[in-house]
Amino acid sequence: MSYDFKKVEKKWQEKWEKEGTFNAKDDYTLPKWYGLIEFPYPSGQGLHVGHPRSYTALDIIARKKRMQGYNVLYPIGFDAFGLPAENYAIKNHIHPRITTENNIKHFKEQLKSIGFSFDWSREVNTTDPKYYKWTQWIFIQLYKHGLAYKATMPINFCTGCKVGLANEEVVNGVCERCGSPVVQKEKSQWMLRITKYAQRLIDDLDDVDFLDKIKAQQINWIGRSEGAEVNFKLEGLDESLKVYTTRPDTIFGATYMVIAPEHKLIEKYKDKITNIDEVEDYKKKAALKSDFERSELNKEKTGVEIRGIKVINPLTNEKIPVWISDYVLSTYGTGAIMAVPAHDDRDFEFATKFNLPIKQVVAPKFFDEKNPPREGVENTKRHVVCDIIKHPTEDKYLVLSHNDRNWKNLVMGGIEKGETPIEAAVREMTEETGYYDTKNVYQINATTFDEFYADHKKVNRKIIQECVVIELNSLDKKEISEEEAKLSERVWIDKDKLYDYINIESQKFQIDMYFNNKAYCDLNNSVSINSDFLTGIDSSDAKNKAIDYIEEHKLGERKVNYKLRDWVFSRQRYWGEPIPMVYCEDCGWNPIPEEELPLVLPDIEDYEPGENGESPLAKQTEWIKTKCPCCGKDARRETDTMPQWAGSSWYFLRYMDPHNDKELASKEALKYWSPVDWYNGGMEHTTLHLLYSRFWHKFLYDIGVVPTKEPYQKRTSHGMILGGNGEKMSKSKGNVINPDDIVDEFGADSFRVYEMFMGPFDQTAPWSMESIRGCSKFLDRVWNLKDMVVDGDEFSPKFEKMMHKAIKKVSSDIEEMKFNTAVATFMTMVNEFYKEKQINKAEYKVFLQLLNPFAPHMTEELFKELGEEKDISQTPWPTYDESKTIDDEIEIPVQINGKVKTTIKILKDEEECVVKDKVRENETIKSLIKDKIVVKEIYVKGKIFNIVVK
RNA sequence: GCCGUCGUGGCGGAAUUGGCAGACGCACAUGACUCAAAAUCAUGCGGGAAACCAUGUGGGUUCGAGUCCCACCGACGGCACCA
């Protein structure tokens, strides 16, 4: 009799639904476990095969936790506000509420057909006024605590959707959803002050168990940097230009300043600027560039010098010019920078293009690990120069190859008193090589710093090594001393072999700098040079010393900056939560009284956004009219709505007490269920949803609403499922798999088992129709096992070890989300049972219990067929005996020189000497070592025996 | 450029964390059953005649390296003029 999955799965799904089998209990004395998956957006396409990967994984964990005695909350709901329903409405004139209702209905059927153990009694829907009442309530609390504010500022405006977007919704300068170009537009927007929480959003990651890559991405996104704000005085004016820098140690190398096109300095000193027309023209052009153009056109730097204004570098007291350029962002730091072209790639590029001076103030530090500087010996300094000597006619460079030691280096030597590096370089060249006829000699920004203990002189040495390029005019030579000639050979090396030929690190660096003209930006392993009181100090220390100096002399202050911006919270759209704010001519913006919540979204016919990107609600003149909550005069409602991220920023709290109409959830429920024990979702939500919801949660914690600082104790992430061709599933590629078809053809259990078996849970995996057939075959074999069942209340000796091992393996694999190897364990077990053509009742029961979270329908049915009264989901999770997972007799490999030659059988606790005897008696080993000398024997207990022979 | 992940048979992937590389599945081959096919069951399956060679490449540490270290190459994901 073959397995009729359609009948069986339907039967159990109906029973679970009718009895509410998996509903969480309101008994707060039980140990709890709260598992969460990201609730879906009910799109018209229906469920994607990616959804069940995450849902099945946590379903398995939830089912196991229930069997282990936990009161489990595994809820589901729908994140149903959002653009697709609204765009669909604009096209087809069907109210988004209708579309959403239909889609949700479809989603529910699909979800139920896969047999997830969700608590459907707690289903939430973000578009339900009973739900968004509390979304609005949270907004009002944010407003009351100064975290929501209205600001007119340039926002990202999608030319396609006609809507303002958060930075997070702009990808490569185009709209994340529709792909249209995004431009900047001035608009009055509601903003949320997430930046106030930036530091806590980083710090509190220490207390939670998130995958490292998730933490790293969040920290990266928040983008903390440490540095200083420094004031550069404007020459002849009582005003300073404030800049932000993370490298105050390079301030001696600041040779010009740059301000963003939007910087207010220009407006203020219009009259002083002698080329104001040129500057304003540049400003105008920059303003016209869209985000897309700004990021796309980042190849060539542009800019204009602001003539008539100079600033004073407060450390060098030099007068330096100010430029305007759009490579400086108005929205980060102070919108102005000090440019240090020698040590910043962008400044270097700009300075090179506009011929601005480049001054090296940081040198790489080379450290001889074999001869580190010692304590208590004399410190000596040497100032030397190194020559890059170019052949007059060929692309070759002169190198000295030493005869007495393995040194291959450029010509170098000490700079003598009163000599410039260039003079010294030429003198050294002539002394050591005889060449003197130069065409072109110049120094490059490639000075290095060496520090080591010089054994032959018993002193510590510090060497500053300048770098001079000499282009020879001819190979004419003077005599050189015999001594010099003996010391080394003079070799001409091809340009492309030079770097590898030289074996002195500092000179390799100089060669690299010479050929690949660039900025040197490394803060670590570097030293300040040409920097007055900072000279000789390690860069990371110099950075702090510089800030101390700046603060002492009132030139500026230490400052931390973040890349994270405040959250643009307004959308000029219909299908979202109305923002519960009212504007009155006299009182300004005020929230509506909380008793009036929810502020219900009015039913409308016309969903088109307004001309200027106004919300469709802006046309609802009757709805807009209201009274001021403060003075009672005529006032108007806010017509923008909230972004889709609003409803999902707190939904996990509502699940705890979803029908409460007094609070977003009761204190008791919040206390019992918080925090979410395990939250699984996609990596694509790491920087948006995850950060936003952590922010809201922290705010709710601050105002005493929730009991924990962090909403989620543990966060994991599933890999994407690709199409059969290894590409992302998409309609246009025709590689989309519909879950309904799979469930229809193979059944829910096969679908679940396959999605868990397809590969490591956190990695992407391509869909394979052949492989799911294999999983289906496996379940058929499980079904047919019932004809091999014999009596037995205990594990049979044959299978006892295997059963204990399997309980251990499956239990830990589930906790570690190694579902693929858990399924492999089941398959191996079934193969073993088939080999014996027998399985006893005790083994069969435990096998079904272990498999139940993966294949809940079939295992329930088989368990009942066995004559058990209870449902299998109501039985306790099997336990194992550690001592019974260890084999008494084991086979260990015997190696000779690390190569496996044979294996021997030993008892698990066999003494080393007994094992040794067994090895010695082994014929294979005997013959292999008979005319060799045994140098060493290594026995790792119960693992391996290795003989080292000569 | 920066951050992160990953390179193992024809394919998806295992490997107790430094100890028999290729578990388990797919595909393939052979056999049984069948008039036959499918399904099912059983057996085999990295390369090589063998010694041996094999975990992206080249070094290193170790009695022993897929696993650790260094340098490269390649793929994917995220960020990107953030000073």
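Quick note on labels: first sequence line is chain A, next is B, and so on, each numbered from 1.
With 3.5 Å as the limit, one finds no donor-acceptor pair spanning the side chains of A:S776 and A:Y754.
Under 4.0 angstrom from either OP1 or OP2 of B:C26 there lies at least one side-chain N or O belonging to A:K777. One finds no side-chain N or O of A:K353 lying less than 4.0 angstrom from the OP1 or OP2 phosphate oxygen of B:C81. Side-chain nitrogen and oxygen atoms of A:S225 include at least one within less than 4.0 Å of the OP1 or OP2 phosphate oxygen of B:A83. Residue A:K213 places none of its side-chain N or O atoms closer than 4.0 Å to OP1 or OP2 of B:U5. The phosphate of B:A38 (OP1 or OP2) has no side-chain N or O of A:R773 nearer than 4.0 angstrom.
Remark: B:A38 base-pairs with no nucleotide in the shown strands. Criterion, Watson-Crick or G-U wobble with two distances under 3.5 Å. Pairing for B:A71 is with B:U57, a Watson-Crick or G-U wobble pair whose two hydrogen-bonding atom distances lie under 3.5 Å. In a base pair of the Watson-Crick type (N1 to N3 plus N6-O4 or O6-N4) or a G-U wobble (N1-O2 and O6-N3), with each distance short of 3.5 Å, B:G1 is matched with B:C79. When both distances must be under 3.5 Å, the Watson-Crick or G-U wobble mate of B:G9 does not exist. For B:U16, there is no paired base (Watson-Crick or G-U wobble, both distances below 3.5 Å). Base pairing of B:G66 is not made with any nucleotide, judged by Watson-Crick or G-U wobble geometry with both donor-acceptor distances under 3.5 Å. Nucleotide B:C52 forms a Watson-Crick or G-U wobble pair with B:G47, both donor-acceptor distances falling under 3.5 Å. Base pairing annotation: B:A27 forms no Watson-Crick or G-U wobble pair, as no partner gives both donor-acceptor distances under 3.5 Å.
Of the candidates B:C24, B:A14, B:C81, the closest approach to any side-chain atom of A:Y327 belongs to B:C81. You'll find that the side chain of A:K563 is closest to B:C79, out of B:C20, B:C81, B:C79. Checked against B:C3, B:A14, B:A83, the side chain of A:A216 finds its nearest nucleotide in B:C3. The side chain of A:E891 lies closest to B:C20, out of B:G64, B:A23, B:C20. Ranking B:C52, B:A83, B:C81 by closeness to the A:D326 side chain, first place goes to B:C81. The nucleotide whose nearest atom lies closest to any side-chain atom of A:E770 is, among B:C26, B:C24, B:C81, B:C26. When distances run from any side-chain atom of A:I944 to the nucleotides B:C20, B:C24, B:A83, the shortest one goes to B:C20. In this structure, the nucleotide among B:A23, B:C53, B:A14 sitting nearest to the side chain of A:A824 is B:A23. Side-chain proximity of A:F757 to the nucleotides B:G64, B:C81, B:G25 is greatest for B:G25. Between B:A23, B:C81, B:G19, one nucleotide has an atom nearer to the side chain of A:Q895 than all others, and that is B:G19.
Taking atom C1' on both nucleotides, B:G31 is separated from B:A49 by 27 Å, rounded to a whole Å. Rounded to whole Å, the separation between the C1' atoms of B:C68 and B:G74 comes to 22 Å. Across B:C26 and B:C70, the matching P atoms stand 41 Å from one another, rounded to whole Å. With both ends at atom C1', the span from B:C52 to B:C6 equals 31 Å, rounded to whole Å. With both ends at atom P, the span from B:G1 to B:A65 equals 34 Å, rounded to whole Å. When the C1' atom is compared between B:U34 and B:A39, the two are found 11 Å apart, to the nearest whole Å. For the C1' atoms, the distance from B:G7 to B:C72 is 14 Å, rounded to whole Å. With C1' as the reference atom, B:G77 and B:C28 are 35 Å apart, rounded to whole Å.
Looking at heavy-atom distances under 4.0 Å, A:E684 makes no contact with the nucleic acid at all. Contact annotation for A:R224: no contact, since no heavy-atom pair falls under 4.0 Å across all strands. Residue contacts for A:G774: at a heavy-atom cut-off of 4.0 Å it reaches the sugar-phosphate backbone alone, with no base atom in range. Here A:T825 lies out of heavy-atom contact (under 4.0 Å) with every strand. No engagement by A:D762 is indicated, since no non-hydrogen atom pair under 4.0 Å with the nucleic acid exists. A:Y834 comes within 4.0 angstrom of sugar-phosphate atoms only, judged by non-hydrogen atoms across all strands, and of no base. A:K559 comes within 4.0 angstrom of nothing in the nucleic acid, heavy atoms only. As judged by a 4.0 angstrom heavy-atom cut-off over every strand, A:N561 is placed among residues making no nucleic acid contact. Within 4.0 Å (heavy atoms only), A:S768 reaches no atom of the nucleic acid at all. Base engagement by A:V940 is indicated by at least one non-hydrogen atom pair under 4.0 Å involving a base atom.
Between A:W567 and A:Y692 there is a side-chain heavy-atom pair separated by less than 4.5 Å. Between A:T687 and A:N220 there is no side-chain heavy-atom pair separated by less than 4.5 Å.
Residues A:M683 and A:G333 each lie close to RNA chain B; by heavy-atom proximity, the contact nearer the 5' end of the strand is made by A:M683. Of the residues near RNA chain B, A:T821 and A:Y562, the one whose nearest nucleotide (by heavy atom distance) lies more toward the 5' end is A:T821.
Nucleotide B:A83 holds its C1' atom 17 Å from the CZ atom of A:F348, rounded to whole Å. One can place CG of A:D500 at 12 Å from C1' of B:A71, the figure rounded to the nearest angstrom. Straight-line distance from the CE atom of A:M769 to the P atom of B:A27: 14 Å, rounded to whole Å. Between A:F819 atom CZ and B:G13 atom P there is a gap of 17 Å when expressed in whole angstrom units. A:M788 has its CE atom 13 Å from the P atom of B:U40, to the nearest Å. For the pair A:Y754 OH and B:G12 C1', the interatomic distance rounds to 7 Å; values are reported in whole Å. Between the OH atom of A:Y939 and the C1' atom of B:G19 there is a distance of 12 Å, rounded to whole Å. The interatomic distance linking A:L205 (CG) with B:C3 (C1') rounds to 15 Å, in whole Å.
Summarising the geometry, atom OH belonging to A:Y256 is positioned 5.5 Å from atom CZ belonging to A:F350; distances are rounded to the nearest 0.5 Å. Separation of atoms CD (A:E832) and CD (A:Q838) is listed at 13.5 Å; rounding is to 0.5 Å. Once rounded to the nearest 0.5 Å, the distance linking CG of A:L201 with CG of A:L690 reads 10.0 Å.
Counting heavy atoms of neighbouring residues, nucleotides and ligands inside a 6.0 Å radius, atom NZ of A:K518 exceeds 12 of them. For A:D496, the CG atom is densely surrounded, since the number of other residues' heavy atoms within 6.0 Å is greater than 12. Within a 6.0 Å radius of NZ in A:K916, no more than 12 heavy atoms belonging to other residues, nucleotides or ligands are found. Sparse packing is recorded around NZ of A:K497, with 12 or fewer heavy atoms of other residues, nucleotides or ligands lying under 6.0 Å away.
Scanning atom types as modelled, no donor and acceptor separated by under 3.5 angstrom connect the side chain of A:N220 and the base of B:C3. Judged by distance alone with a 3.5 Å cut-off, a donor-acceptor contact links the side chain of A:K301 to the base of B:C81.
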